[in-house]
Amino acid sequence: MNALLGLTTLPILLSAGEGSGFEAPTLEHEFDPAPFLFAGTPFEMNRIIMVRMIAALVLAAILIIYAKRARLVPTRGQNLVEFLLNFSKENIAEELLGADAKRFQPLIMTIFLGVLFMNITGVFPGLQIAGTSLIGMPLIYALVAYVGFIAAGIKAMGGRFFKEQLMPPGVPWPMYILMIPLEFFSTFILRPVTLTVRLLANMVAGHFILVLCFVGTHYLYLQMGGAAGLGLGTLTLLGGIVFVIFELFIGALQAYIFAMLAASYISLSISEH
């Protein structure tokens with residue numbers, strides 16, 4: 001839906017600015033920003049890396065402060081942190097892993113909160129881009145989930161884990177010739193790929209919609225001018241505000257889906273067929 005809205009908005013803004021200096025955002029401009037520190041070194045830093053570091057540091061600071069200052073009668077801030085922790089525990093881990101939830105809750109919570117904080121940076125003034133809108137971060141979280149479900153399966157079943165995943169019982173032996181490569185592809189290749197692409201595509205589409213709305217507002221107010229510019233600019237401004245709220249919802253939803261899928265993969269890896 002995000003991608004569809006972005007595609008329908010782009011021609012309107014382009015036609016409005018044709019021949020008058022309007023510059024639509026591009027993938028290269030938005031997702032390949034110039035480095036501002038340590039350029040040309042392995043430690044090169046650009047805006048997206050800075051945003052990721054800020055998100056990680058803020059999350060770490062919140063959790064450290066919560067751990068040190070937790071009270072029997074919680075404050076509003078403590079209530080919010082406990083709500084997020086309980087949500088990942090009760091609505092994700094316990095829902096999908098049942099009695100095994102306690103063992104895997106730290107991993108599920110880390111994935112949920114990490115993806116959530118990286119997602120919502122896209123709506124904060126001054127940051128204005130999600131840390132997960134470039135493939136590196138979604139891929140890292142997907143690999144964490146990937147290693148998590150394989151390690152959980154090996155610990156639960158030992159060497160039988162791969163046999164259980166690739167050779168479901170009760171299937172006629174000749175069918176394994178077809179099933180083993182299909183199960184290998186779907187379990188060990190497709191899972192991390194779909195986790196990565198789903199999160200990346202949603203964050204990229206959401207970012208483009210917000211940029212189009214607010215760049216369009218700037219153009220219509222300050223360059224096009226007149227009654228038409230004021231009216232259309234107000235519409236794009238209101239649309240941008242609505243999409244900020246919508247993008248917050250999408251960021252939280254994608255964090256929930258990512259953690260839920262990670263928990264479901266762990267559940268499948270430790271369960272007998």
Side-chain angles (χ1 to χ4, degrees), residues 1-37 39 44-55 57-58 80 115-138 196-258:
M1 183 177 178
N2 278 355
L4 178 60
L5 288 168
L7 289 173
T8 55
T9 309
L10 180 60
I12 297 172
L13 292 176
L14 288 175
S15 61
E18 187 175 355
S20 53
F22 179 82
E23 294 186 9
T26 63
L27 281 171
E28 181 179 0
H29 178 266
E30 294 298 319
F31 301 107
D32 188 23
F36 60 86
L37 280 178
E44 183 174 285
M45 182 177 292
N46 58 26
R47 185 165 67 97
I48 295 178
I49 295 175
M50 180 192 70
V51 165
R52 290 171 175 171
M53 292 180 66
I54 290 173
L57 290 173
V58 168
L80 179 59
V115 175
L116 175 64
F117 272 67
M118 290 289 174
N119 285 353
I120 63 176
T121 56
V123 300
F124 278 88
L127 302 180
Q128 296 170 321
I129 192 165
T132 46
S133 60
L134 205 62
I135 195 169
M137 210 70 234
T196 302
V197 172
R198 181 186 294 106
L199 178 58
L200 176 67
N202 275 277
M203 292 301 102
V204 168
H207 178 74
F208 263 113
I209 291 173
L210 292 178
V211 171
L212 284 168
C213 285
F214 291 117
V215 169
T217 300
H218 181 273
Y219 165 77
L220 291 167
Y221 274 165
L222 301 182
Q223 296 187 40
M224 183 175 181
L230 182 62
L232 292 173
T234 301
L235 287 177
T236 57
L237 177 60
L238 292 175
I241 294 171
V242 169
F243 278 115
V244 165
I245 299 170
F246 184 65
E247 192 62 15
L248 276 172
F249 169 73
I250 291 296
L253 179 63
Q254 287 302 313
Y256 168 71
I257 291 173
F258 201 104

Point to revise | Centroid-centroid under 6.0 Å between F208 and F31 rings | key: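 Here the rings of F31 and F208 have centres that are less than 6.0 Å from each other.
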Out of curiosity, [X] [atom1] to [Y] [atom2], how far, rounded to the nearest 0.5 Å?
{"X": "L210", "Y": "F246", "atom1": "CG", "atom2": "CZ", "result": "10.5 Å"}
{"X": "I129", "Y": "M50", "atom1": "CD1", "atom2": "CE", "result": "10.0 Å"}
{"X": "L237", "Y": "Y221", "atom1": "CG", "atom2": "OH", "result": "5.0 Å"}
{"X": "I54", "Y": "R47", "atom1": "CD1", "atom2": "CZ", "result": "10.5 Å"}
{"X": "L212", "Y": "T217", "atom1": "CG", "atom2": "OG1", "result": "10.5 Å"}
{"X": "L235", "Y": "L238", "atom1": "CG", "atom2": "CG", "result": "6.5 Å"}

Practice item. Write out all pairs satisfying side-chain hydrogen bond (donor to acceptor under 3.5 Å, both in side chains) with one or both partners inside residues 125-138, taking only residues at least two apart or from two chains. Key: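 Applying side-chain hydrogen bond (donor to acceptor under 3.5 Å, both in side chains) to every pair that reaches into residues 125-138, excluding sequence neighbours, yields N119-T132.
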**Study point:** Partner residues of Y256 under the ring pair (Phe, Tyr, Trp, His ring centres under 6.0 Å) criterion, sequence neighbours left out
**Key:** F87
Check your understanding: With a 4.5 Å heavy-atom cut-off, do M203 and M118 have their side chains touching?
Key ->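 When only atoms from C-beta onward are counted, M118 and M203 do not touch, as no gap falls below 4.5 Å.
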Practice item. Indicate yes or no: at least one non-hydrogen side-chain atom of I257 is less than 4.5 angstrom from one of L253. Key: yes
Practice item. State whether the side chain of T121 and the backbone N or O of G131 hold a donor-acceptor pair below 3.5 Å, judged by distance alone. Key: yes
Check your understanding: Do N46 side-chain atoms and I49 backbone N/O form a donor-acceptor pair below 3.5 Å?
Key -> yes
Check your understanding: Should the heavy atoms of other residues, nucleotides or ligands under 6.0 Å from CZ of F36 be counted, would the total exceed 12?
Key ->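 Above 12, so yes.
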Specify the closest pair of heavy atoms between [X] and [Y], including all atoms of both residues, with the distance to one decimal.
{"X": "G239", "Y": "C213", "result": "C-SG, 4.1 Å"}
{"X": "E247", "Y": "H207", "result": "OE2-N, 4.4 Å"}
{"X": "R52", "Y": "M137", "result": "NH2-N, 3.5 Å"}
{"X": "I135", "Y": "L200", "result": "N-CD1, 3.7 Å"}

Review point. When F258 is tested against each of L116, L199, T196 for side chain to side chain contact (heavy atoms under 4.5 Å, CB included), which residue passes?
Key: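 Of all the options given, the one that passes is L199.
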